[in-house]
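What follows is a short report on a single structure.
Any value given below was found using the heavy atoms of this structure, including those in side chains, with hydrogens, waters and symmetry copies removed.
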Amino acid sequence: MEAARHRTVAGQGSTQKGGTTMAAGKRKQAGGEIVLRTIDLSGQRRQAARIKFDEDMAARQADARSTEITNRVSEWSSTLDERSHTKTAQRYEATKKEEMRLANRELTAVRRAQLKELYAREHEEYKEEFETRGVTFYKERA
């Protein structure tokens, strides 16, 4: 009769008797028959099982956090490389732009100096030519 009140929970290797969970183990007796032996899980065993489960979960969570940190560091490193290349290119462009601005300023200064020389030389040529003709420049005095 006692065996009729036990039912095996499939895939868990345990039996239930009146709502209390028990561990089941198989044991062969001398006659070749298999007898289920039941062991009542005490509060200490349930507590130990719960502690083991909590420790496993904590280890898994720690592993997940470690993996997440590793992924974030890796992502940071790769974006740092990209930003570094981008910033280097931006600095290069800024330097090139500044050099072009300074080169244009220098070119303008050189052209002005050359124009001043040209105007001074032409002025002297016209002055000499006007002196040979006996003519002079008209200068307005203020």
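Rounding to the nearest 0.5 Å gives a distance of 16.0 Å between CD of Glu124 and OH of Tyr119. Once rounded to the nearest 0.5 Å, the distance linking CD of Gln114 with CZ of Arg121 reads 9.5 Å. One finds the CG atom of Leu118 at 13.0 Å from the NE2 atom of His123 (value rounded to the nearest 0.5 Å).
Not one N or O on the side chain of Ser77 forms a donor-acceptor pair closer than 3.5 Å with the backbone of Val73.
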Per-pair distances, 0.1 Å, donor-acceptor, side chain in residues 100-107, under 3.5 Å, sequence neighbours excluded:
residue: Arg101; atom: NE; partner: Glu98; partner atom: OE1; Å: 3.2
residue: Arg101; atom: NH2; partner: Glu98; partner atom: OE1; Å: 3.4
residue: Arg101; atom: NH2; partner: Glu98; partner atom: OE2; Å: 2.5
residue: Asn104; atom: ND2; partner: Met100; partner atom: O; Å: 3.3

Got a list of side-chain donor-acceptor pairs under 3.5 Å for residues 63-70, not counting sequence neighbours?
residue: Thr67; atom: OG1; partner: Asp63; partner atom: O; Å: 2.9
residue: Glu68; atom: OE2; partner: Arg72; partner atom: NE; Å: 3.4
residue: Glu68; atom: OE2; partner: Arg72; partner atom: NH2; Å: 2.7
residue: Thr70; atom: OG1; partner: Ser66; partner atom: O; Å: 2.9

Considering only distance and modelled atom types, tabulate donor-acceptor pairs under 3.5 Å from the side chains of residues 87-96, sequence neighbours left out.
residue: Thr88; atom: OG1; partner: Ser84; partner atom: O; Å: 2.7
residue: Thr88; atom: OG1; partner: Arg91; partner atom: NH2; Å: 3.3
residue: Thr95; atom: OG1; partner: Arg91; partner atom: O; Å: 2.8

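By the neighbour-count criterion of 12 heavy atoms within 6.0 Å, atom CD of Glu131 is densely surrounded, having more than that number from other residues, nucleotides or ligands.
Here Tyr126 pairs with nothing under the ring pair (Phe, Tyr, Trp, His ring centres under 6.0 Å) rule; sequence neighbours left out. Lys97 meets the side chain to side chain donor-acceptor pair (under 3.5 Å) test with no other residue; sequence neighbours excluded.
Annotation: side chain to side chain donor-acceptor pair (under 3.5 Å) contacts involving residues 50-60, sequence neighbours excluded, comprise Arg50-Asp54, Lys52-Asp56.
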